[in-house]
Engineer: 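Quick one: structure below, then a few questions.
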Amino acid sequence: AEKFRAMAICMLLSVRRHAAASVDRYVIFTDSLNWRKCPDWIELILLDCEVSPDRDTNWAIKPGLLSHPAVSEDLLLYLDSDTTVYADVIGRCFDWIRHHSLLVFMDFLTPRENWGRVNLWTVYRQAGYEARNLKINAGIIGRAPDPLGHALQRLYGELFVKGELRPYFADEMYRRNDEPYLGLAVQMA
């Protein structure tokens, strides 16, 4: 959609303005290479899957981006297109990924605490998983091209496609969130 194209370009402009020295490559995954006014320093990578404005159609797209052949051997920092960077934290993010293989923004919670209106500890157990309760943001994901990084991207994709957690969310909005799957994949990796 045109609005997401504009958001993606603005996000990368904010990264370039504040963190250009930390970034070797700027990539936008897209279903069309026919972009107007896209700066030449942004690489457009054509997706070979169906993309639409409908969230259900795009259900499992994000894990596929992390494992796309065009970036599979890159030290990768994924940012949602609605992200704005105000300072050079990108270099620190890449340093963290380089040293720890993964960068995921999450906090562990006690088993009684909720992530929004959901208790992920309960959801994970109902689905048959032993995993800690957490709150998580899947809008920023980093992974190194090493065994741990590749394990994360593989598990994230597999869990997402299976969708085993979906039946345990009473609220339809939570059934389509990728965060619970990312949190489970991080813990399993």
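For reference, positions follow the sequence shown, starting with 1.
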Engineer: Looking at Glu158 and Lys162, does any basic side-chain N land under 4.0 Å from a carboxylate oxygen?
Structural biologist: no

Engineer: Do you know which two heavy atoms are closest between Val118 and Val123, and how far apart they sit?
Structural biologist: CG1-CG2, 3.8 Å

Engineer: Step through the shown structure and confirm whether more than 12 heavy atoms of other residues, nucleotides or ligands are within 6.0 Å of CH2 on Trp35.
Structural biologist: yes

Engineer: Is there a donor-acceptor contact under 3.5 Å from the side chain of Arg143 to the main chain of Ser67?
Structural biologist: no

Engineer: So, applying side chain to side chain contact (heavy atoms under 4.5 Å, CB included) with Leu120, which one of Leu109, Asn133, Leu165, Leu184 is it?
Structural biologist: Asn133

Engineer: Linking I/L/V/M/F/W/Y whenever any side-chain heavy atoms sit under 4.5 Å apart, do Val186 and Leu134 land together?
Structural biologist: yes

Engineer: Can you measure from CE (Met7) to CE (Met11) and round to the nearest 0.5 angstrom?
Structural biologist: 9.0 Å

Engineer: How long is the straight-line distance from CG of Asn114 back to OG1 of Thr122, given to the nearest 0.5 Å?
Structural biologist: 8.0 Å

Engineer: Is it true that atom CZ of Arg25 has more than 12 heavy atoms of other residues, nucleotides or ligands lying nearer than 6.0 Å?
Structural biologist: yes

Engineer: Any sub-3.5 Å donor-acceptor pair from Asp107's side-chain atoms to Lys135's backbone N or O?
Structural biologist: no

Engineer: Tell me the closest heavy-atom pair linking Ala189 and Leu155, and the distance in Å.
Structural biologist: N-CD1, 3.6 Å

Engineer: Backbone N or O of Tyr156 within a donor-acceptor pair of the Lys62 side chain at under 3.5 Å?
Structural biologist: no

Engineer: Does any non-hydrogen side-chain atom of Leu152 lie less than 4.5 Å from one of Leu148?
Structural biologist: no

Engineer: Once you round to the nearest 0.5 Å, how far does CG of Asn177 lie from CG of Leu182?
Structural biologist: 11.5 Å

Engineer: Check the angle between the aromatic planes of Tyr174 and Trp115 and answer parallel, tilted or perpendicular using the 30° and 60° thresholds.
Structural biologist: perpendicular

Engineer: Does the pair Asp95/Arg98 count as a salt bridge with the N-to-O cut at 4.0 Å?
Structural biologist: yes

Engineer: I need the single residue from Val71, Val27, Leu47 that forms a side chain to side chain contact (heavy atoms under 4.5 Å, CB included) with Leu65. Which is it?
Structural biologist: Leu47

Engineer: I'd like to know whether CG of Asn34 has more than 12 heavy-atom contacts from other residues, nucleotides or ligands below 6.0 angstrom.
Structural biologist: no

Engineer: According to a hydrophobic-cluster definition based on side-chain heavy atoms being under 4.5 Å apart (Ile, Leu, Val, Met, Phe, Trp, Tyr only), do Met106 and Ile97 belong together?
Structural biologist: no

Engineer: Is any side-chain heavy atom of Val104 closer than 4.5 Å to a side-chain heavy atom of Ile136?
Structural biologist: yes

Engineer: Donor-acceptor pair, distance only, cut-off 3.5 Å: does the side chain of His150 make one with the backbone of Ser72?
Structural biologist: yes

Engineer: Taking side chain as C-beta onward, heavy atoms only, is Trp121 less than 4.5 Å from Gln126?
Structural biologist: no

Engineer: For residues Phe94 and Ile140: do they belong to one hydrophobic cluster (side chain heavy atoms under 4.5 Å, members Ile, Leu, Val, Met, Phe, Trp, Tyr)?
Structural biologist: yes

Engineer: Given 3.5 Å as the limit, does a donor-acceptor pair link the side chain of Asn137 with the main chain of Gly139, or not?
Structural biologist: yes

Engineer: Should Tyr78 and Ile42 be regarded as members of a common hydrophobic cluster, given that ILVMFWY residues are connected when their side-chain heavy atoms come within less than 4.5 Å of each other, either directly or indirectly?
Structural biologist: no

Engineer: Is the closest side-chain heavy-atom distance between Tyr124 and Arg132 below 4.5 Å?
Structural biologist: no

Engineer: Should Glu130 and Gln187 count as side-chain neighbours, where that means a heavy-atom distance under 4.5 Å?
Structural biologist: no

Engineer: Hey, are the side chains of Asn119 and Glu113 touching, using non-hydrogen atoms and a 4.5 Å cut-off?
Structural biologist: no

Engineer: Any side-chain heavy atom of Phe160 within less than 4.5 Å of one from Asp178?
Structural biologist: yes

Engineer: Any donor and acceptor pair, going by atom type alone, linking the side chain of Ser81 with main-chain N or O of Ala8 inside 3.5 Å?
Structural biologist: no

Engineer: Is there a path of hydrophobic side-chain contacts, each under 4.5 Å between heavy atoms, that joins Leu12 and Leu46?
Structural biologist: yes

Engineer: Sub-3.5 Å donor-acceptor pair from the side chain of His100 to the main-chain atoms of Leu102, do we have one?
Structural biologist: no

Engineer: If you round to the nearest 0.5 Å, how far is NE2 of His68 from CG of Asp74?
Structural biologist: 11.5 Å

Engineer: When rounded to the nearest 0.5 angstrom, what distance separates CZ in Arg17 from CG in Asp88?
Structural biologist: 13.5 Å

Engineer: Within the distance-only criterion (no hydrogens, no angle test), does the side chain of Asp80 pair as donor or acceptor with the backbone N or O of Thr83 below 3.5 angstrom?
Structural biologist: no

Engineer: Closer than 3.5 angstrom, by distance alone: can the side chain of Arg16 be matched with the main-chain N or O of Val23 as a donor-acceptor pair?
Structural biologist: no

Engineer: Using a 4.5 Å cut-off on heavy atoms from C-beta on, say whether the side chain of Tyr129 contacts that of Glu164.
Structural biologist: yes

Engineer: Rounded to the nearest 0.5 Å, how far does SG of Cys93 lie from CG of Leu103?
Structural biologist: 5.0 Å

